[in-house]
Amino acid sequence: MADPDNRWNRRLFLHVPAIFLVLFFVLPLIALVILSFWQTENYKIVREWSATNYVTLATEPAYFVFFVRSLFLAIGVSIFSVAVSWPIAFFIVRHGGRYKLILSLLLAVPFLSGEVLRLISLQGMLGPTGLVNGVLLKIGSAPLRFIMYSNWATFIALVYLYLPMVVTTVYLSLLNFDFRLTSAASSCGANRFQVFCEIVWPLNLSGTIVGFLLCFIPTLSASLAPRFLGGPSGVLYGMSIAQQFGESGTWALGAAMGVVLFLFSMAVLGVFSLGIDLRRTGFTGMGRL
Amino acid sequence: MYAQASNERLTKWLMAAILVAAYGFLYMPIVHILFASLSSRPNFPYPPEFDYGSYIRLYTNTVYQSAFLNSLIIATCTSILSTVLGFLATVGVLRFAGRKALVYAAFFAGPLFVSEILLGISSMSLYYLAFELQGNMVTAIIANSVHCFSFCFLIMAALLYRYDWRMNEAAVVCGASPVRVFFEVMLPLTWSGILSSLIVAFVLSLNGLDISFYLLGATPTMPSVAWGALRYGVKPELYALSSIINILVFAAIIVLYFVARSDRQLSVE
Amino acid sequence: MNASLDGVATPYIRIAGVSRQYGQVRALHDLSIDIAKHEFIAILGPSGSGKSTLLRLIAGLDRPSTGRIFFDGIDVTDLPPYKRGIGMVFQEFLLFPHRTVRENLAFPLRMTNQPQQKILERLDWAEAILSLRGLMDRYPNQLSGGQQQRVALGRGLVTHPTLLLLDEPLANLDRELRNEMEVEIRRYQKQLGIPFVYVTHNQEEALSMSDRVAVINGGRLEALGERQTIYDHPPTPFVARFVGKSTRFDGAYNPATGQIELQHYNYAFPYSGAFERKGDVRAEVFVKNERFQLSPWTAVATGIACTIADIVLRGPFVEYILETEAAERIIAVKPKTSDQAVLGTKLSLSWDPAACHVFPAGR
């Protein structure tokens, strides 16, 4: 371990990316915290330390409402996505055969084409002049109101945006799962339900939770989808942050909202990672070292 | 007597049905706006037509042209920067981190668990506070790279995980210098992971709005122009733009498919 | 091909005319075996011969295309694995990585809804019989290969199954450990008095542990019999080649002299068996390497002339690598003696006509 070659290797391979992240990922988050303790007046930053922004957040019920609404939506979207992802991923892994690769890659197309473009596509489906209502009008039925400018529209949009991510994560987890363990379990006398509950689910739990979080965290801070599809009663927390940094110019308040969001996300992350005993999910360490 | 078998078949078909429904849900909007962009009646473009008027309007619109150019620059630089850093990080974690591998891996995957909007506003805060700096292309590239870095790291880590590092030692013993080891042994065996990472980072940063939005100020990029136009209602040009990008992404996926397939052939050998 | 019962009075496990087809591929072809209650049977075959398929069919992890399987007179062909009351040990052990040794061992007991008292009893039993003391609260990845193997065995045996299926359980262990475990596994089988069905491609393992050996090749049953019989009297050329280490010669039967004459060598030996077809029929001759007779070369010697090319010491045995006139290499195994053979010595190689196996090979 003490050989100098290895030290230089560590510097190059570990420290360069780590320093990059510290400078451009950690430092900005610290700047956000600092900014949240300053004020903004008339689109200018006033460098005065106070907790006013946090007091505003705590006392103004609107922000609380936005946050709770975001939270419920994020939980709903994430649970729904996980529930749908499991059968899809399971099917691809078990029955995909030679189409496994293309089936899993095709999930990435909607994911990679970007939030704005996907919202445009969705608007083409769900909007007042979109396909769904177009068809309904053609056959002489009334347009569906709940899919336009409502929290339902936001829900659909968020599922549309993050489902590919969740399916991919669960898929990768199942792909690395040794399905021969299910044979071992059923030769031990476990029926199909027991095999799932005792073996398949616990051993893929960590992958599923990562998928859940990769959906939950961005949906909690969603700003584009609700703004575009959510309608008047659909203001969400992330959207409100975007407003503070945009039109209203109250950056410091926005920063405080960002800090709250960050802390909450970290708390959720912490609860999940502490609540999970890695051993009990079959984690056996990194690499072959 | 064959209850178990028929049960199994039922679950299988149920799962298949959900899969088909999900693909339908994901792809119907994409196909719909492709038709809409090619139709003179974008609201209900059935039966499909072939009218490329909206594409011509898009092509002659100078705002979109400069936005596209900016996006291209950002995406190219971001994909290269984040892939290089991601490669270093992957090798570092898999090979040099020892007992701290898990800590480093968690740190390198960290940006995934911080939403893009937070990355955007925090970077903006830093540059503004520290340097009174308005956003520019460089800061946008850096902030995008932070986000893409985690994806690159995970993609390459997944593929390099199975790489046998003794191969490098074997090459060194044969007299190859570290640089030649990389080009003659590692690169041929890992190029699929590196290429996948480049493609994914490129496409992600080409289409990402949140980060660029806060770090670019008035410089237009493709998603920000699209977002601006969206507020004044959806026009067929936007459908056209979206369709072009979707087709590009689809092509990228096909490339990824063949890359991954050829990689599998390599590993079978 | 229907195997005889070989003195088995009432078959405890009966595999009757089982076939398994995957699409176009025939993995198993009309295979029948009866297994007695106290029997240790080895299923021996090269990889891809269908032996693992057979094991999966017995376990219920797969379903035969045709044919039935009976346990103790009851047709279990359509029963899922968890209703068959079997135990199984896998080549890769397949211990549940998220469970401790104790939980792995308790798993089959919990799945069959045993009362808590019974579970504790059985765990104590397994801990004692498999000498797992002090390991019960470890996770599988904290165990050595041999320890994992014992836990896997324990998980298969803990419920007192109707029979235990073993799928190459020693393939991942090193040689020394393997020899030790062979003795152990055979001891468990005798102690418990339930049939063990042991699948392997390693003929040494099959011969060292089992009572009877079933040789499978290309999805068909090549031979089934007492291990001694299979070894000493292989019924087919495949078995002769696959079981034990032997050398193959091409020869022809000369009806005039009643002798088999080898093709490349001036060596013939009497043959009393019958060749069905008349005339000059080609024959395959197999001689077990330990059955060769070596004597110093003399002018009147009748054996195959050869010289010692190399000598390999294998503990109590010596392998003479002999080079013949036809530039072929033959290995002869002899007990080690104190007198030193010299490389390059010319020898005469022959064998007792009763100790070799002759198969007609057509024209």
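Residue numbers start from 1 in every chain, and the chains themselves are labelled A, B, ... in the order their sequence lines are given, proteins ahead of strands.
Of the candidates C:Arg186, C:Arg212, C:Lys190, C:Glu39 forms a salt bridge (Lys or Arg N to Asp or Glu O under 4.0 Å) with just one, namely C:Arg212.
Contact residues of residues 143-171 of chain C toward chain A are C:Arg155 (heavy-atom distance under 4.5 Å).
The number of heavy-atom neighbours closer than 6.0 Å to CH2 of C:Trp125, taken from other residues, nucleotides and ligands shown, is above 12.
Contacts of C:Arg84 classified as salt bridge (charged side-chain N to carboxylate O under 4.0 Å, His left out), with partners at least two apart in sequence or in another chain: none. For A:Phe272, the ring pair (Phe, Tyr, Trp, His ring centres under 6.0 Å) criterion is met by A:Phe212, not counting sequence neighbours. With sequence neighbours excluded, the residues forming a salt bridge (charged side-chain N to carboxylate O under 4.0 Å, His left out) with C:Arg187 are C:Glu184, listed by chain and number.
With a threshold of 4.5 angstrom between heavy atoms, C:Ile86 approaches chain A through its backbone and through its side chain. Both the backbone and the side chain of A:Asn191 come within contact range of chain C, judged by heavy atoms closer than 4.5 Å.
Annotation: the span from A:Leu175 atom CG to A:Leu101 atom CG amounts to 9.5 Å, rounded to 0.5 Å.
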### Test log, rule side chain to side chain donor-acceptor pair (under 3.5 Å), inputs A:Thr208 and A:Trp86
CA-CA 9 Å; A:Thr208 307; A:Trp86 258 84; 3.3 Å; yes
